[in-house]
Amino acid sequence: MLRLEKVNAFYGHIQALHEISLEVAEGEIVCLIGANGAGKTTTLMSIMGVVATPQGKILFQGEDITGQPTPWIVSKGISCVPEGRRIFPKLTVMENLDMGFYPRRNRPEEFEEDLERVFRLFPILKERKDQFGGTLSGGQQQMLSLARGLMARPKLLLLDEPSLGLAPLLVEQVMESIVEINKQGTTVLLVEQNALMALEISHRGYVLETGAITIAGEAERLMADAQVRSSYLGT
Amino acid sequence: MRGSKLRNVSLVVIFALLACAEPLIASRFYKFVLALAVINVIMVMGLHIIFGLTGQIFMGMAGFWGIGSYILALITTRLGLGFWPALLLSSLGVGLMGLVLGIPTLRLKGYYLSITTIGFGEITRFILMNWSPVTGGVFGVFNIPRPNFGSFVFTNDAHFYYFSLVLAAILAVIASILEDSKYGTAFKGVRDDELAADAIGIDSTGIKVMAFITCGLFVGIGAGLYSSLLTYISPEVFTLEESFRFVTMVLIGGIGSLPGAIVGAVLLTFLPEMLRFLQSWYLAIYGLIVLGIVIYQPAGIMGALQGYLDRRMIAARREGKEYGAS
């Protein structure tokens, strides 16, 4: 579904990504794990066309999307839940969801259906729908960010550190909802520092180190891998 | 009361008060100031869209105002077109300026944008002053006609006032509809977090350019009315100080609130005139009043009202009775 072929990305003169190649097949959850500054977010931002103009090839469903404008990429069916949630604090929960629907605003008849779907997934958002986004708890904001991403009805959902800054119990809840989203037919590319959590729910994983992919494989294999265990799982 | 409901109720109250105010004011001078206030109301609605909703600090209002005023003045006096086509053209002309000025926002953000717009305002003023063959230079433009319906001309100041007030009310309804639309939400989203808006597929540059154009369309109408009210314009009015005054109107009323911006516009049109008796002290006192509001009531007048209503509602809930609509 998504394929990166030898992608390089730069910030000024600094090369952040070195020849990244990865693949996400339809229906999968694939995780990208690695330490701070390894290039995980840059990889996602390159796919979304938000930062820099990446070199190499990024293909989505066979179509070249490298360096295209973000609204166009979203309209093709990729949606991103950015790091740190980045919900709109002074918009209500409903307005935040409206914004997620914005790229599909010419299909208003589908709005209710999509709203139903995210409210079924996150009932708390329905209760809080008239509250300002900024007044939600961290976990609720993460749910809102996920819900906002889903409102674009993506085929592929990119998640950037959804567990960041959440209490362990909430992390579990968010991970469960990601599995549920995937079961409903959305392919997921998950970026995480919380490697154990990420590998537990993923089918496959890639390990990113200083801008290059060092290990790749089935999630179970990675969890058993001695190097991964010592570097990322702390065992 | 929250959000759009509070806004709609406030707008109705404000326009009703403005409609009643005219006969209550005795002095001819203050009747004139009231008409100016309504014209400022129309223009501040434009700034509300770009600054209040979309969060772009636009410091070039005097530029838009000047261009709009001159478009109407020159088209009516030199080309001999009627008031109505001239008003339409001044709105469209300033809207086009919004597009031209909006394009730099492709690259500029925050303070850099405000500095650029300051430059835009100043350049406009110098062009109006020095391009004498077209603009009449420092002498300005005379004999600008008043609006008319067929052979009926609004020479009477009271008629002109109610005419402007009706236009302002129509524009307030349009601004409210825009605010409640998908685009209104997108404006606010770009204000709240531009990067997030980009990441979820909103073309934030396009949204900002659109906000600039809409601002221009509103300001063009107010500016055209301004020329027509005064029947004489000259370039020295359109100063940076005026641009600051418009920004202050939005801040004092409560940033992001349409009725707030309107109340701010009325207040800041009257305040300087009412402080005139202080003579050379007037700017200092005026500055202190503005500073006081910004420090002690940073959410502005509408923010204070919202806070008061929220507190009353909470207090009423504690007492276990329903109070008003939440």
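Protein chains get the first letters and strands the later ones, always in sequence-line order, with residue 1 at the start of each.
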Query raised in the report: How many angstroms lie between atom CG of L91(A) and atom CG of D192(B), to the nearest 0.5 angstrom?
Result: 4.5 Å
Query raised in the report: In Å and rounded to the nearest 0.5 Å, what is the CG to CD1 distance from N96(A) to I200(B)?
Result: 8.0 Å
Requested in this report: Could you check R86(A) against D193(B) for salt bridge (charged side-chain N to carboxylate O under 4.0 Å, His left out), going step by step and ending with a plain yes or no?
Outcome: CA-CA 7 Å; R86(A) 302 201 86 127; D193(B) 192 333; 2.9 Å; yes
Requested in this report: Determine, for F132(A) and K188(B), whether the Lys NZ or Arg CZ falls below 6.0 Å from the six-membered ring centre while staying within 45 degrees of the axis.
Outcome: no
Report task. Compare every heavy atom of A196(B) with every heavy atom of F88(A), then report the nearest pair and how far apart it is. Result -> CE2-CB, 4.1 Å
Query - R85(A) portion near chain B, given a 4.5 angstrom heavy-atom threshold - result: neither
Report task. Verify the neighbour count for atom CD of E26(A): are there more than 12 heavy atoms of other residues, nucleotides or ligands below 6.0 Å? Result -> no
Query raised in the report: How far does CZ of R104(A) sit from NZ of K182(B), to the nearest 0.5 angstrom?
Result: 11.0 Å
Query raised in the report: Counting heavy-atom pairs under 4.5 Å to chain A, which of I202(B), D203(B), D198(B) comes out on top?
Result: I202(B)
Query raised in the report: Around I295(B), counting heavy atoms of other residues, nucleotides and ligands shown, do more than 12 lie under 6.0 Å from its CD1?
Result: yes
Report task. Would you name the heavy atoms of V50(A) and A199(B) that are closest together and state the gap between them? Result -> CG2-CA, 4.4 Å
Query - 4.5 Å side-chain heavy-atom contact, R105(A) and Y183(B) - result: yes
Query raised in the report: So what's closer than 4.5 Å to chain B heavy atoms on M48(A): side chain, backbone, both or neither?
Result: side chain
